[in-house]
Amino acid sequence: MATFATLVVLGLLWGGVYLLMAEGLNLIYGVMKVVNLAHGDFIVLGGLLALTLFGRYGLSPVVAFPLAAALLFVIGAAVQGGVLERILLAKPEGELRTLLATFGLSYVVANTSFLIWGSQFQSIPFLQSAFAVGPIAVPQGLLACSLLAAALAVAVHAWLRHTAVGRAVRATAQSALGAAACGLNVRRLRIVTFALGAAMAGGAGALVIALVPFQTSSGGDLTVQAFTLIALGGLGSYLGAWLAAELLGITEVMAQYYLGSDAAAAVIYLVFIAVLVFRPQGLLGRTMRI
Amino acid sequence: MPDLLRLDAIHAGYGGMPVLRGVGFALAPGETMAIVGANGAGKTTLLRAIMGEVAISAGSVWFAGKALAMLPMHARVRLGIGYCPEGRQLFPMMSVAENLELGAAAATRAERAARLERVLTIFPKLQRLRGRLCGVLSGGEQQMVAVGRALMGAPRLLLLDEPSTGLAPRVVQELYESLRALLGTGMAILVAEQNARAAMRFAAKTLVFEDGRIALAGASAALLNDRRVIDAYIGAGGTAPAAAGQGRI
């Protein structure tokens, strides 16, 4: 029983980490209906920046978190303002073209990172011990990431619901034309949203690199993982993404323990396919959009 | 009185396909004008061109003495043009109150509250619907929110695109009766309508569009029973463009 409880707790905590890595993608998709295929590369970039700050200046990932987020905010704003906005204006098929553009961006970020950091897997030794809660051993790093993911999810939700800019972002997500007819600068709102999504990815990377080693080519896998999660939750749904993250976390940990690492990935995607077969809109699609 | 809105022989269309061909007219503060015509005559494109949603290939649009050519839609709204686009374009997952308040995004809290009170006076039905999501409202209620949201920006000119679309005749009548509360406030209103009778009974002046041009222009009362208006709708082709597309009435 203690083993099962430990697995559930670990699964929930890993779920928090997965959520942390997917929140930015969910925000961007929810508002702009754009799948940012460079999302995973932004996570890796944030992680590798944290690695450099740790290696050269001894800064912990917690300190690197806002710095990585700030850098990625600037990069995200430049990408949206300088590239994606122009592509979106080129109708028809503007959204398909943005997908292709972010695919290209993914390669640009990954290869530039390769030139700076090389190709080897790298991690930061940070908060590696665990503490005991009864019979359950809770890894500190995992707990910190998970708590931060929850705090970010709540903060983003509150920002969208209770601030003027957040309401404007939600309005833009529901009708860009309606938002413009209200006098809202839709272009600026999209730039802010994309930049914020990129910042969330960069910040997540700065923390997750302490748990999962990154190499410069890890971005693609992370994008697929994040997209799987938000699709499972219901594209653009915050509560849905949270539920999906916890479901995937618990499934993965259980499958790893009972079936082995090789089977775990297959089990996760079987769960993903099963949910989509019975609920194509995802766990909370449609009903819980932002 | 100086013009509030002036269009000088504008040409506009989609992907190189012309829709508006040399349309020009002027509207003074407080004036009401109906734009009527058959499907595809260019009514919606005209409003889109005024709002910058469709690029103008020739001619110019002026509002309160300012050329609008380089301004994006949100800047035109902030200049004082209220816009209810085709399909209402509400925020379905937000409440009526949130939709209305977003219409006054640039206003202070006090201004927003005062404008909300005024909108609820014009559309008292919305008072009890304030907390309801817009996506679950009836078509008539949604249209009231759409007009109310545009009014929240305290516009000097209100553009309404097909406000009666999808509404029952009784609801259309109710909507136009509510809009009458805006007459005499100094706000100019331009309403593009498929429902010509409803729009012409509301507006003092009418422009009849045919094939992207102004086919007829005049006082609505005079045109209401004019055979040429019906011809323009059924495409009889018997109407001559008013002064080469210019609609100065």
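Within every chain, numbering begins at 1; the chains are lettered A, B, ... in the order of the sequence lines, protein sequences first and strands thereafter.
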Measuring heavy-atom distances to chain A, does [X] have an atom under 4.5 Å in its side chain, in its backbone, in both, or in neither?
{"X": "Glu101(B)", "answer": "neither"}
{"X": "Pro72(B)", "answer": "neither"}
{"X": "Leu102(B)", "answer": "both"}

For Ala164(A), is it the side chain, the backbone, both or neither that has a heavy atom under 4.5 Å from a heavy atom of chain B?
->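 Contact with chain B: none, neither part.
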Report yes or no: do Tyr18(A) and Glu246(A) form a side-chain donor-acceptor pair below 3.5 Å?
->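 Checked: Tyr18(A)/Glu246(A) side chains show no N/O donor-acceptor pair below 3.5 Å.
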Below 4.0 angstrom, N of the basic side chain to O of the carboxylate: do Glu193(B) and Lys43(B) qualify?
->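 Between Lys43(B) and Glu193(B) there is no salt bridge, as every charged N stays at least 4.0 Å from the carboxylate O atoms.
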Might you point out which heavy atoms bring Tyr176(B) and Val191(B) nearest each other, and give the distance in Å?
->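 Residues Tyr176(B) and Val191(B), closest heavy atoms: OH-CG2, 3.5 Å.
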Close contacts, residues 131-158 of chain B versus chain A, judged by heavy atoms under 4.5 Å =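 The stretch touches chain A at Arg149(B).
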Partner chain A: residue of Met51(B), Gln89(B), Arg88(B), His74(B) with the largest heavy-atom pair count (under 4.5 Å) |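 Maximum pair count with chain A is reached by His74(B).
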Give the member of Arg76(B), Met94(B), Arg78(B) that has the highest number of heavy-atom pairs under 4.5 Å with chain A.
->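 That would be Met94(B).
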Any [X] side-chain heavy atom under 4.5 Å of [Y] side chain:
{"X": "Tyr83(B)", "Y": "Leu160(B)", "answer": "no"}
{"X": "Asn26(A)", "Y": "Trp242(A)", "answer": "no"}
{"X": "His11(B)", "Y": "Leu20(B)", "answer": "no"}

For Tyr107(A), does the OH atom sit with more than 12 other heavy atoms under 6.0 Å from it, leaving out its own atoms?
->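 Result for OH/Tyr107(A): open.
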Show the numbers, then the answer: is there a side-chain contact (heavy atoms from CB on, under 4.5 Å) between Trp62(B) and Leu7(B)?
-> CA-CA 6 Å; Trp62(B) 299 78; Leu7(B) 276 68; over 6 Å; no
Quick one: pull up CG in Leu100(B) and CG in Leu116(B) and give me the separation to the nearest 0.5 Å.
->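 Taking CG in Leu100(B) and CG in Leu116(B), the distance rounds to 6.0 Å.
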